[in-house]
Amino acid sequence: MLNNFTYMVGGQQGSGVDTSANIFAKACGLAGLEIYGKREYHSNIKGMHSYFQLKVNSQPVRSLTSKVDLLASFDEETLAVHYDEVSTGGGVIYDPKTLDKKITSIPTLDKIVVNRLIKRLEAQGLNLTIESLIEECRRRGVHTYPLPYDEILTEISKKSEKKFSELARMINVLAVASSLALVELEITYIERAIKNVFRGKAKAVEENIEGAKIAYEYVKNHYSASFPYKLKSQPNGKRLLLTGNEAIALGKLVGGCRFQSYYPITPAADESIFLEARAIFRLNGKDEVGSIVVFQTEDELAALTSATGAGLAGARAATSTSGPGFSVMVEGLGWAGMNEVPVVVTLYQRGGPSTGLPTRHEQGDLRYALHAGHGEFPRIVIASGDIEEAFYDAAQAFNYAEKYQTVVIHLVDKALANSNQTVKLDPSIVRIERGNLLSEEDIVKVKSAGGEYKRFAYTPSGISPRVKLGTKGCVFWNSGDEHDELGHINENPENRVMMMDKRMSKLELADSEIPLGEKIKYFGSEDAKFKVVSWGSTKGAILDAIHHLSEEGIEIGFLQIKMLCPLPSNDISKILEDSKVIDVEMNYSGQLGGLITEKTGIKVSNYIVKYNGRPMFQDEVYQSLKDVVEGTAPKRRVLTLGA
Amino acid sequence: MLNNFTYMVGGQQGSGVDTSANIFAKACGLAGLEIYGKREYHSNIKGMHSYFQLKVNSQPVRSLTSKVDLLASFDEETLAVHYDEVSTGGGVIYDPKTLDKKITSIPTLDKIVVNRLIKRLEAQGLNLTIESLIEECRRRGVHTYPLPYDEILTEISKKSEKKFSELARMINVLAVASSLALVELEITYIERAIKNVFRGKAKAVEENIEGAKIAYEYVKNHYSASFPYKLKSQPNGKRLLLTGNEAIALGKLVGGCRFQSYYPITPAADESIFLEARAIFRLNGKDEVGSIVVFQTEDELAALTSATGAGLAGARAATSTSGPGFSVMVEGLGWAGMNEVPVVVTLYQRGGPSTGLPTRHEQGDLRYALHAGHGEFPRIVIASGDIEEAFYDAAQAFNYAEKYQTVVIHLVDKALANSNQTVKLDPSIVRIERGNLLSEEDIVKVKSAGGEYKRFAYTPSGISPRVKLGTKGCVFWNSGDEHDELGHINENPENRVMMMDKRMSKLELADSEIPLGEKIKYFGSEDAKFKVVSWGSTKGAILDAIHHLSEEGIEIGFLQIKMLCPLPSNDISKILEDSKVIDVEMNYSGQLGGLITEKTGIKVSNYIVKYNGRPMFQDEVYQSLKDVVEGTAPKRRVLTLGA
Amino acid sequence: MALKLADFKEQIHNDWCPGCGDFGILSALQSALAELNLEPHQVAIFSGIGCSGKLPHFVKAYGIHTLHGRPLPYALGAKLANPNLEVIAVSGDGDGLGIGVSHFVHAGRRNVDVTYIVHDNGVYGLTKGQASPTLKLGVKTKAIPEPNINDAVNPIFLALAAGVTFIARGYAYDIKHLKDLLVKAIRHKGFAFIDVLQPCPTYNDVNTKAFYSGEDRLDPLTKKPRPRVYRLEDLGYDPVVRADMTKEQVMAKIYKVIELSLEWGDHIPIGVFYQNETMPTYEQRLEQRLRAYLSNPPANQRLNTPEGFSATDISEILQELSV
Amino acid sequence: MALKLADFKEQIHNDWCPGCGDFGILSALQSALAELNLEPHQVAIFSGIGCSGKLPHFVKAYGIHTLHGRPLPYALGAKLANPNLEVIAVSGDGDGLGIGVSHFVHAGRRNVDVTYIVHDNGVYGLTKGQASPTLKLGVKTKAIPEPNINDAVNPIFLALAAGVTFIARGYAYDIKHLKDLLVKAIRHKGFAFIDVLQPCPTYNDVNTKAFYSGEDRLDPLTKKPRPRVYRLEDLGYDPVVRADMTKEQVMAKIYKVIELSLEWGDHIPIGVFYQNETMPTYEQRLEQRLRAYLSNPPANQRLNTPEGFSATDISEILQELSV
Ligand SMILES: Cc1ncc(C[n+]2csc(CCOP(=O)(O)OP(=O)(O)O)c2C)c(N)n1
Ligand SMILES: Cc1ncc(C[n+]2csc(CCOP(=O)(O)OP(=O)(O)O)c2C)c(N)n1
Ligand code: SF4
Ligand code: SF4
Ligand SMILES: [Mg+2]
Ligand SMILES: [Mg+2]
């Protein structure tokens with residue numbers, strides 16, 4: 001099997017699982033292969049189980065299957081949790097010293113998993129050790145590769161002057177190098193990957209390359225040819241290997257974001273840290289130094305309100321958070337809406353409610369994003385379906401915010417944030433549209449024409465000319481209270497209606513101006529009887545599922561909604577009207593389904609939802625869609641795959 | 001015209017408009033009449049215009065008409081704003097010294113009003129003084145009654161030893177006494193009303209009665225018989241004269257609320273202040289002293305979370321707020337939902353978004369109340385349609401909260417809070433149902449039966465037995481993180497699904513258990529072709545409107561939704577299925593209409609909405625419904641009456 | 001041309017109660033801005049919600065009436081986006097020391113060059129007179145049904161603990177003195193806090209104008225009221241902490257500030273309590289990180305090419321991330 | 001039967017990093033509860049979000065793991081509803097002094113009888129090591145890309161300014177001493193605050209165990225590390241403010257607390273800084289208002305008649321409102 005491979009590496013949090021995965025992904029990427037991977041981890045710093053699952057292919061990859069071709073485990077828990085995900089013909093790398101460990105004495109292993117394993121092993125007449133898991137793998141036709149980490153480390157320790165104990169953290173490099181040895185990727189890619197991942201730390205680069213070589217050799221010598229999956233470098237253009245967090249950070253920079261406030265929260269904070277570390281850049285050609293202020297605030301309400309302040313001053317401003325932080329900042333949304341201040345909120349959804357599953361995936365905040373904030377004000381809510389979209393949307397959000405002078409909520413999610421993928425991006429096509437923003441000179445003109453500057457002037461479009469704070473020749477007022485054209489408090493009932501109409505009508509304007517392609521994307525045949533609707537990062541799994549179905553002759557359409565507010569209901573109606581609608585969503589209640597019914601009256605035929613904290617796999621989506629088409633699906637199916 | 005009368009009294013904020021209105025209402029109430037009134041005021045302490053409008057009848061009253069029969073003005077602004085609301089045949093009481101004031105030099109008068117007046121007076125060839133307004137009234141057949149406040153005050157000042165300047169604040173009593181003299185209500189009711197309103201302040205009682213008598217005599221002597229509207233005492237049982245704020249406070253006390261937290265905000269705070277002043281009461285018969293802790297917090301998140309803490313400890317606990325405060329507390333909703341803690345939030349809606357129209361009416365928070373908080377958790381959302389319902393609902397909210405172990409949002413609004421009405425309430429029928437709450441003895445039993453206490457035990461109903469903090473023989477844990485049956489953090493995907501299902505299924509349970517009568521109310525014939533749907537305090541105006549239409553032979557049904565979540569969609573469907581649905585709401589976007597479409601697929605034929613900050617009048621509702629029936633109504637009509 | 005108070009007057013109706021101390025604060029601020037020769041467009045005033053929160057509407061300058069308790073983060077965001085703006089934040093005591101006190105404490109840690117005025121009237125004025133965080137324990141004002149059950153915050157002490165570098169107290173009816181304080185505060189490089197004793201004649205019947213001016217304490221000789229409020233300057237008090245001071249000198253200053261902050265009753269100091277000139281501002285710290293921050297601040301950077309495309313060059317970062 | 005630490009151990013996996021200071025705090029708390037002879041059901045521990053926030057899960061007692069920054073209001077609500085509960089609140093420094101600092105300041109004004117422990121590790125641990133509000137200006141720890149741009153809050157100074165009546169600092173690795181502090185804090189009638197220096201070996205590579213124990217400062221004679229942390233008791237320091245003290249004595253105490261709170265570097269005091277026994281608790285103030293509050297507190301009142309109807313008699317109020 002060449003260049004089509006699902007890899008998983010797992011171990012305790014803090015033991016370098018991510019580094020393994022990064023090296024793996026970089027190495028594959030450098031070898032011209034395409035990858036897509038996801039990271040799973042507990043809300044914990046050290047000791048709980050975490051893993052990374054990656055799919056490699058010669059063609060671009062956009063989702064995962066639930067089966068794993070090679071599982072590289074650092075520890076016994078990884079085996080206990082994942083050994084049954086490995087496909088027949090696949091392989092398991094494990095530490096032989098763990099074989100006699102009892103699965104009942106892994107302190108971090110969840111009781112539910114333990115009980116499941118006990119049942120299963122007892123049914124097979126196996127005892128409750130790790131060895132039994134390996135045995136079961138063998139029985140299933142899985143290749144098992146003991147990798148004696150200690151031995152190899154001892155060897156390294158002999159070669160270097162380092163003590164064995166100092167080398168323990170190198171297990172991750174050994175695991176990934178062994179894995180790449182099994183699939184026979186040339187070692188040079190591993191070396192380059194290590195150089196890249198540890199850049200700036202010469203000593204670490206050297207040591208890790210040394211370790212990788214030894215492990216690579218070890219596997220070559222012991223297990224060589226046995227493993228059926230192979231990866232081979234291929235010619236390919238330059239691509240980026242990006243996480244969603246990084247793509248959004250980059251989109252913001254290119255989109256002109258110059259003020260990013262944040263309060264730490266998973267999985268949003270990495271974006272801000274990334275920006276903080278890259279806060280200076282070139283602007284307008286070689287000599288101008290541009291910079292972004294990354295402002296760590298005392299809480300999320302301070303984050304949103306300081307960004308709004310920056311927006312008033314004329315900087316493109318944003319904040320990033322996830323559910324709990326969004327809840328803390330809600331009051332600021334309404335103020336920005338009321339005062340027509342452009343500001344962007346990137347909302348990384350994660351498992352809710354409350355603290356919920358802080359490091360797990362869900363798309364449960366759609367309705368909340370649409371309605372957060374008391375009273376009614378216009379907001380634009382967009383959702384990205386993949387890393388590439390996330391980059392362009394992150395930039396475009398500022399155009400919407402400034403053109404329609406309001407708050408833009410950019411919905412992304414944990415799966416997107418913590419996935420990595422090889423993608424191509426083109427910053428040079430990103431446009432900057434600042435909307436109706438007057439300069440000092442414009443004000444001079446207004447005045448010399450006998451006019452007066454009014455921040456909230458009634459205009460036919462609902463958009464009033466904006467100036468930055470500090471603009472000479474005028475002043476304005478803002479108030480969260482209902483106000484008149486100047487911005488002064490006003491409780492008159494007629495003014496109230498005019499101002500409400502002015503603000504709310506901007507939604508209709510946005511709806512009419514924004515090109516359809518930015519609002520929805522339709523995939524597949526227009527006449528398909530069954531049409532999937534979804535939003536956000538389910539996109540890849542759905543596309544792959546309907547692609548496979550179509551290969552089997554089953555045609556299903558897919559309507560991806562990117563613009564959730566204002567919802568392009570007419571266009572949606574036209575597409576869905578005479579079809580069976582299948583709503584696929586990462587939440588309990590099928591929020592998009594409800595929204596579509598609300599806005600179009602069209603009812604959803606089938607719901608496929610998932611809320612176990614793990615993203616959708618293409619194979620479970622495939623199977624549930626197939627069941628719908630074949631008439632064997634329940635009205636609402638709950639997907640449950642993932643560990 | 002006997003015992004059917006609309007009264008308005010207006011003046012500057014701080015000059016005693018409310019006191020006037022209270023005296024008026026009490027006097028009428030004591031005379032056996034029924035009243036309903038609403039208060040309008042600016043977000044200001046002194047100087048801006050405020051007024052009170054009241055309807056009196058021999059039968060119970062539940063809404064207002066836009067026309068006024070007698071306008072008692074303290075100042076010129078009241079005339080400028082309201083003179084055109086007085087019906088032909090009605091009357092205006094005004095201070096003759098204001099006649100030569102120019103309407104263009106009333107500093108607090110809104111420009112929009114001024115411009116409208118200028119146009120109007122100029123069209124009639126009148127100059128821009130108050131006198132012209134009075135003149136216009138006369139031309140229209142309105143009785144005009146100059147009341148020389150200064151003269152009367154001078155007379156009082158002669159009789160008492162008080163200086164004139166000290167008596168100035170008595171204008172309010174003079175105005176109301178004069179008004180009651182015009183309608184010929186016996187002076188004894190005024191005296192009793194004054195005693196009641198100024199109770200505990202003997203001096204004030206005396207002075208005000210003295211003043212009232214003089215004004216009463218003045219009017220009797222000067223204007224007697226001329227005024228066609230009369231009020232006459234009638235025999236009637238004891239009733240309460242209550243505001244919505246008071247009814248809710250009383251409902252909470254009777255409902256067993258023992259901890260009320262709050263942060264000051266209009267129009268919610270009056271409820272807490274009322275409770276604070278009446279925090280001790282008798283319990284379980286004569287001797288036991290009960291008490292409620294009224295806890296003023298540093299912000300609304302502290303309000304909700306401290307109430308939740310109190311709920312955990314076993315007290316029935318609540319907090320009251322309006323939109324901005326609700327936005328600050330949102331994060332606490334999800335935590336209570338996640339940890340299944342009973343807690344009640346009384347949400348007084350007011351004009352939004354943001355600070356909005358802090359003292360004005362709107363029902364714009366429905367969608368927000370339904371979706372506030374990231375992620376998905378069960379919540380119960382109820383809305384009261386009038387003061388009587390508000391009392392019982394306020395009590396019932398605690399039963400829901402404890403039976404379904406979750407947060408209950410009780411939606412009320414400014415119009416309800418600041419209305420007053422003569423009502424009958426029966427505290428003795430209020431039931432207390434504490435749900436599955438285990439005592440120390442219950443725990444002993446559980447344990448002696450070999451069981452273990454688990455706070456989040458999976459049960460078929462989704463309800464796990466609860467204990468108060470401090471209960472002997474057990475402990476439990478709570479966490480905003482997803483947790484296991486004990487309450488410990490758990491990220492296992494299977495546990496996650498079970499816990500989500502357990503929590504969310506409580507909504508189905510509530511839906512199946514709660515009697516239909518608590519969820520919806522239907523008025524009118526089941527076969528009516530046109531059916532109004534609405535929620536909250538629009539109820540009175542709608543009932544009156546359809547009553548009048550029915551007198552004209554036009555039958556319209558009215559479906560009042562009290563239970564917004566879980567929405568009884570099947571019952572709603574059954575009622576609305578084959579009808580034309582008219583959505584009547586106090587917000588911009590017709591939120592209930594959207595909700596019904598979302599949950600039933602039934603589309604709304606006509607929207608009648610209002611968002612100018614003033615509640616609906618029965619006559620505008622009447623007219624718009626009639627237009628719908630006659631086919632002359634637009635798809636969406638925006639109501640705009642009210643000053 | 002020198003500006004006058006009138007240049008900062010916005011012609012709309014002022015709806016504060018007659019006799020409200022807020023009028024004094026407003027005049028003092030307008031005079032201070034004029035004295036500093038600022039032009040209206042150079043000034044941005046951020047306020048919270050409350051009677052005090054309405055202040056910016058009465059000033060001809062950029063006026064941003066924000067959320068209850070939040071003027072500081074809005075103000076900080078604007079200032080950091082454009083450090084050339086003269087930024088002033090205004091709160092009530094409920095706004096700034098109640099719901100918003102967290103922003104105050106954290107503003108102390110940052111030292112952004114913003115001036116912060118708190119209208120200290122002991123009540124939540126605009127919501128009809130509930131006890132604010134500066135009302136003392138056991139005090140019963142008009143609108144509260146029971147004597148205050150909470151102890152008061154001490155704004156000066158708190159500011160000192162939070163690291164605020166300029167701490168002063170003014171009195172709303174000593175307008176000239178307050179104007180001088182405001183001028184100093186605005187000139188101070190860093191975060192400047194002024195607690196202003198502000199009688200609320202409508203709801204606070206304890207800390208009234210008569211109380212502050214000692215109308216109940218007549219001088220036995222002159223029969224004139226002996227004011228409770230006195231000026232620190234009159235004691236020759238020096239509030240400044242300088243770089244060349246010893247640790248002991250600094251500590252002595254801190255102790256003095258605390259002693260003064262605890263004075264109440266018949267001796268209520270107003271004036272500058274503390275002025276630390278040794279701390280770098282947040283903007284200076286940012287300049288160190290971002291090089292061209294002050295000369296090319298966020299709000300002024302040109303974002304687009306003449307053709308309307310992005311002018312931001314991220315090629316170096318892309319290089320780092322490419323495979 | 002006397003209880004032991006083990007009686008307060010909940011048997012679940014503890015997922016703090018190896019060597020985390022939180023382990024010391026946990027043991028000290030469990031020992032303190034045992035020493036106080038409390039039974040698990042009498043104790044309710046409220047925590048916020050962070051590594052520190054997980055603490056209640058490891059204690060066999062009612063354990064309420066609340067929201068980020070909000071353990072105090074939850075705890076206060078529970079305590080006021082049932083003043084018989086022994087209520088303890090736990091925060092991280094980000095939780096309690098960052099996002100939640102407002103609740104801390106306002107808790108000072110109330111003096112509810114709750115014990116509050118802050119795990120002071122200088123970082124936001126659970127979100128991977130960003131600077132927390134106690135990290136000093138200019139310090140660069142592992143996970144932050146640039147040296148800290150904010151100055152630190154001083155928890156002791158802040159507590160004093162906020163009116164907290166019991167203020168102490170412990171060190172996570174001096175478990176016995178910390179246990180003693182906790183016993184005192186819990187016994188204190190009123191709000192008791194303990195700032196605990198808590199090394200985070202994973203993210204704070206500056207304020208490490210080695211730093212606190214002075215491993216870089218060997219005694220020239222003994223060659224043993226000279227710890228930076230020292231105990232106030234060893235100085236014979238008396239933290240107590242008593243009712244019979246003069247104003248000068250009280251002020252001297254306050255100055256001393258401030259002086260001590262500013263010590264850092266080579267001399268870091270731990271122990272009780274301040275203990276004011278003269279302030280009534282909030283519960284006592286409530287009892288004055290509500291008469292039977294303490295004997296018949298909100299959580300314990302029987303609400304229903306045997307027939308299931310309301311047992312609350314509001315007839316007097318109805319009388320007042322009737323026409
Ligand atoms: C989040 C939120 N909570 C409550 C309010 C209601 N509110 C409006 S004004 C005010 C009190 C203001 O008091 P203070 O800050 O002392 O200002 P003052 O009116 O005394 O000047 C409050 C609580 C609000 N607007 N927003
Ligand atoms: C409202 C909100 N914002 C942000 C977070 C994310 N968050 C989780 S833990 C944490 C940091 C905790 O730091 P600290 O309080 O110092 O505790 P430590 O982990 O260091 O013990 C943050 C910010 C959250 N849970 N809720
Ligand atoms: S209520 Fe008090 S603070 Fe507000 S305007 Fe009136 S006097 Fe001033
Ligand atoms: S990250 Fe730090 S505070 Fe958190 S558990 Fe690890 S060592 Fe402790
Ligand atoms: Mg105030
Ligand atoms: Mg910390």
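The sequence lines fix the lettering, A, B, ..., with proteins before strands; numbering per chain opens at 1. Just so it is clear, the values below take in all heavy atoms, side chains as well, and ignore hydrogens, waters and symmetry mates.
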Exercise. Less than 4.0 Å between a side-chain N and a carboxylate O, is that true for A:E598 and A:R367?
Worked result: yes
Problem set entry | Under 4.5 Å from any heavy atom of chain A - which part of B:D110 | side chain
For this session: Could you tell me which of A:T359, A:T355, A:L347, A:L333 has the largest number of non-hydrogen atom pairs under 4.5 Å with chain B?
Result: A:T355
Exercise. So do the side chains of A:I265 and A:Y348 get within less than 4.5 Å of each other, counting heavy atoms only?
Worked result: no
For this session: May I ask you to check if A:R39 and A:Y41 form a cation-pi contact, with NZ or CZ under 6.0 angstrom from the six-membered ring centre and within 45° of the axis?
Result: yes
Exercise. Does the pair A:R637/A:E620 count as a salt bridge with the N-to-O cut at 4.0 Å?
Worked result: no
Seminar exercise, completed: Okay, B:R503 and chain A: the region with an atom under 4.5 Å from a heavy atom over there is side chain
For this session: Heavy-atom pairs under 4.5 Å with chain B are the metric here; pick the option from A:T600, A:N492, A:V497, A:L641 that has the most.
Result: A:N492
Exercise. Highest number of heavy-atom pairs under 4.5 Å with chain B: which of A:T597, A:L595, A:I596?
Worked result: A:T597
Problem set entry | Region of A:R116 that comes under 4.5 Å of a non-hydrogen atom in chain B | side chain
Problem set entry | Evaluation steps, side-chain contact (heavy atoms from CB on, under 4.5 Å), between B:I409 and B:L370 | CA-CA 9 Å; B:I409 299 172; B:L370 293 174; over 6 Å; no
Exercise. Heavy atoms, side chains only, cut-off 4.5 Å: are A:L639 and A:F617 in contact?
Worked result: no
Exercise. Do B:H361 and B:M616 come close enough that some side-chain heavy atom pair is under 4.5 Å?
Worked result: no
For this session: Could you tell me which portion of A:E331 (side chain, backbone, both or neither) has an atom closer than 4.5 angstrom to a non-hydrogen atom of chain B?
Result: both
For this session: Among B:P358, B:A336, B:G325, B:S354, single out the residue with the greatest number of heavy-atom pairs under 4.5 Å to chain A.
Result: B:S354
Problem set entry | Among B:E494, B:K599, B:R614, B:E362, residue most engaged with chain A (heavy-atom pairs, under 4.5 Å) | B:R614
Problem set entry | Salt-bridge present (B:E485, A:K111; N to O < 4.0 Å) | no
Problem set entry | A:A643 portion near chain B, given a 4.5 angstrom heavy-atom threshold | backbone
Exercise. Do A:L486 and A:E452 have side chains that get closer than 4.5 Å, going by heavy atoms?
Worked result: yes
Exercise. When only pairs under 4.5 Å are counted, which of A:N339, A:D484, A:D501 shares the most heavy-atom pairs with chain B?
Worked result: A:D501
Exercise. Chain A: which of B:L357, B:V328, B:D365 shares the most heavy-atom pairs with it under 4.5 Å?
Worked result: B:L357
Exercise. Picking from A:S327, A:G332, A:P353, which has the most non-hydrogen pairs under 4.5 angstrom with chain B?
Worked result: A:P353
Problem set entry | Region of A:Q591 that comes under 4.5 Å of a non-hydrogen atom in chain B | side chain
Exercise. Counting heavy-atom pairs under 4.5 Å to chain A, which of B:G594, B:P324, B:A369, B:S589 comes out on top?
Worked result: B:P324
Problem set entry | Interchain contact, A:N495 with chain B, by part (heavy-atom threshold 4.5 Å) | both
Exercise. Can you find a pair of side-chain heavy atoms, one from B:E340 and one from B:K506, that are under 4.5 Å apart?
Worked result: yes
Problem set entry | Region of A:F326 that comes under 4.5 Å of a non-hydrogen atom in chain B | neither
Seminar exercise, completed: Looking only at A:G337, A:S43, A:G613, the option with the highest number of non-hydrogen pairs under 4.5 Å against chain B is A:S43
Problem set entry | Carboxylate-amine/guanidinium proximity below 4.0 Å for A:K38 and A:E40 | yes
Problem set entry | Toward chain B, the part of A:M498 with a non-hydrogen atom under 4.5 Å | side chain
Seminar exercise, completed: Counting heavy-atom pairs under 4.5 angstrom with chain A, the leader among B:E482, B:E491, B:M48 is B:E491
Seminar exercise, completed: Under 4.5 Å to a heavy atom of chain B? For A:N490 that would be both
Problem set entry | Heavy-atom side-chain proximity of A:F377 to A:M338 below 4.5 angstrom | no
Exercise. So which heavy atom on B:N587 is nearest to which on B:Y611, and how close?
Worked result: O-CD2, 3.9 Å
Exercise. When only pairs under 4.5 Å are counted, which of B:G373, B:A372, B:G364 shares the most heavy-atom pairs with chain A?
Worked result: B:G373
